[in-house]
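Keep in mind that what you see is a predicted model, and the values were worked out from it rather than measured. We name chains A, B, ... by the order of the sequence lines, and we start the count at 1 in each one.
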There are 2 protein chains.
Amino acid sequence: MTQASAPIDLSQLRRSCRACGLLELCLPAGIDQAELERLDSSVRDKRTLESGGMLFRQGDPFHALYVVRSGTLKTVVQDADGAQQVLGFHLPGEIVGVDALAHDAHQSSAEVLERSSICELPYSRLEELTAQIPGLQRQLLRIVSREMVAEQSHVVTMGRQQAQERLAIFLRSLSERYGRLARDTTHLILPMSRYDIANYLGVVVETVSRLFTRMEDLGVLRVSRKVIHILRPDLLGEMCGAGGARERAGRAS
Amino acid sequence: MTQASAPIDLSQLRRSCRACGLLELCLPAGIDQAELERLDSSVRDKRTLESGGMLFRQGDPFHALYVVRSGTLKTVVQDADGAQQVLGFHLPGEIVGVDALAHDAHQSSAEVLERSSICELPYSRLEELTAQIPGLQRQLLRIVSREMVAEQSHVVTMGRQQAQERLAIFLRSLSERYGRLARDTTHLILPMSRYDIANYLGVVVETVSRLFTRMEDLGVLRVSRKVIHILRPDLLGEMCGAGGARERAGRAS
DNA sequence: CCGCGGAACTGATCCAGATCAATTGGCCGC
DNA sequence: GCGGCCAATTGATCTGGATCAGTTCCGCGG
């Protein structure tokens, strides 16, 4: 791993990260202060989208990556018939749009779930920067690889987990990711509908609803519309692993 | 996309690609003849593994990417309990190991399904090369992005498709991918077990077996152990899309 | 040639979760 | 406050595919 030679003021840096998540993403690339500022100034192209707005649509030509500054997005693919599958939710600090790198066109659509502020990183600009900052190129590769691993986890969840485990895993993941933004990881605000959650997990709304009720009955959490209060993170954790549940689907090989 | 200024002898190139799939992967990067030869000479580190052998295991430190020259691999993740999920199968010309880029350790294991010849591309070497060949870096990014999109399709399959559609999609995908290797796309040889197929698709072996039988009864294909003869590619195609089947899982939003 | 062992196939039953059908609860405009 | 609307919840029933329990097929060693 390359490491910046110049010492970096981390706390000040994180403040600017809060302002534009790309920096957060590039931090491990070993970029020094001056380069960071150059970077920062090149991505000031922010915009605000209202709930329901589309950041990009499946098929749109690729010209930029995006970082969520505030708010939440979902990415969705539309298959042959009209049906759609939610691929993921994107919280502040997370990157969106890497699906377009391979084919020069977006393979999914990104929809805004609540008023959101987005940083746009034109890819041409990014290419200029990577020519100058070798660490950035590598970091970009890491980011895409991380996205791929995230999709793989999603596959594992869909392929091997029961409905209840899926929901537990989803909530735990959200909790962990919100942890970067707030100190309290036990109060989750869900900006997405039950339909989105269900679709993301590959079950129907009714199932999600019933599972929330069941978890509430078990004393694991407390639900009130968009707000989830996790009472027993330990129990939630147990519900993620195959806690005594018998296995679905076949062993391999 | 960038195009090599020097004209390239494509057919000769593909022959060398046959010798080492990396070239195939790098072709679109716009690399000229001399650079390709340099590249080729730096990846002559081939090795042969027997069926059942492991190319790498989950948790292994990352030091190289791999290209399948001949044979087939599967990649697999092991979750908390012993259960495993097959993430994918890798045919000649395909790249393996990009899951390790993000975390400097492999997130999955790669197992050889039949005697296979593998090209090892040490990442340190690759970094040297990318410093000299800007197009290669970009191509690498594209490859990882493409892998991510492939995982996303897998998610869609698992999340929204019935068992029969999943199998049809799997067979069609195999057929298309074998198409790069052989002219006849109607005869498939499946190097993986029924267990592997079932696990990959998120169903149990019995279901796969019954589906093969059903498809044979429908006259779509002919099965004999490891060999699948597709009689009606058109029907197979229909079985992929939601051909009249009613939808599973909820609409989003 | 026979007997063994593992993969593949088939049949009978069961159940998690889908589907269908209301009901409840908030929120907003009037 | 009242009525309309839509998200969320709950209940009753149905079903695709899992599970359980064999049986068949094929390769291989003796």
Backbone N or O of [Y] within a donor-acceptor pair of the [X] side chain at under 3.5 Å?
| X | Y | value |
| --- | --- | --- |
| A/Ser116 | A/Thr72 | yes |
| B/Ser145 | A/Ala102 | yes |
| A/Gln85 | A/Asn199 | yes |
| A/Gln161 | A/Met158 | no |

Practice prompt. Test salt bridge (Lys or Arg N to Asp or Glu O under 4.0 Å) on B/Arg160 and B/Glu165 and set out the steps.
Written response: CA-CA 10 Å; B/Arg160 309 203 51 73; B/Glu165 294 164 336; over 6 Å; no
Worksheet item: Any chance the rings of B/Phe56 and B/Phe62 have centres within less than 6.0 Å?
Response: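 Here the rings of B/Phe62 and B/Phe56 have centres that are no less than 6.0 Å from each other.
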Discussion item. Between B/Tyr178 and B/His187 (judged by ring centroids, cut-off 6.0 Å), do the two rings come close enough to count as a pair?
Written reply: no
Separation of [X] atom [atom1] from [N] atom [atom2], in whole Å?
| X | N | atom1 | atom2 | value |
| --- | --- | --- | --- | --- |
| A/Leu190 | D/dA7 | CG | C1' | 14 Å |
| B/Leu211 | C/dG11 | CG | P | 15 Å |
| A/Arg160 | C/dA16 | CZ | P | 17 Å |
| B/Arg222 | C/dC9 | CZ | P | 13 Å |
| A/Met158 | D/dG17 | CE | P | 15 Å |
| B/Phe212 | C/dA7 | CZ | P | 16 Å |
| B/Asn199 | C/dA8 | CG | P | 14 Å |
| B/Gln164 | D/dT15 | CD | P | 18 Å |

Worksheet item: Is DNA chain C part of any stem, that is, at least 3 consecutive Watson-Crick or G-U pairs with both distances under 3.5 Å, and where?
Response: C:1-30 with D:1-30
Counting side-chain heavy atoms from C-beta on, which of [options] comes nearest to [X]?
| X | options | value |
| --- | --- | --- |
| B/Arg194 | C/dA8, C/dG11, D/dA12 | C/dA8 |
| A/Val204 | C/dA8, C/dA18, D/dT19 | C/dA18 |
| A/Tyr195 | D/dA8, D/dG17, D/dT9 | D/dA8 |
| A/Ser193 | C/dT10, D/dA8, C/dT19 | D/dA8 |
| B/Ser209 | C/dC9, C/dA16, C/dA18 | C/dC9 |
| A/Ala163 | C/dC9, D/dG11, C/dG17 | C/dG17 |
| A/Arg225 | D/dA18, C/dA8, C/dG25 | C/dG25 |
| B/Gln162 | D/dT19, C/dA8, D/dG16 | D/dG16 |
| A/Glu206 | C/dA18, C/dC20, C/dT10 | C/dC20 |

Item to complete: Apply side-chain contact (heavy atoms from CB on, under 4.5 Å) to A/Glu206 and list each qualifying residue two or more places apart in sequence or on a separate chain.
Response: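 A/Glu206 satisfies side-chain contact (heavy atoms from CB on, under 4.5 Å) with A/Val204, A/Arg210 once adjacent residues are dropped.
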Practice prompt. Mark yes or no for a side-chain to base donor-acceptor pair under 3.5 Å between A/Arg210 and D/dG11, with no hydrogen or angle criteria applied.
Written response: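 By the distance-only test, yes, there is a pair.
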Practice prompt. Ignoring hydrogens and angles, answer whether the base of C/dT10 and the side-chain atoms of B/Arg214 contain a donor-acceptor pair closer than 3.5 Å.
Written response: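 Donor-acceptor pair under 3.5 Å: no.
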Practice prompt. Respond yes when some side-chain nitrogen or oxygen of B/Thr207 is under 4.0 Å from OP1 or OP2 of D/dG16, and no when none is.
Written response: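 No, because none of the side-chain N or O atoms of B/Thr207 sits under 4.0 Å from OP1 or OP2 of D/dG16.
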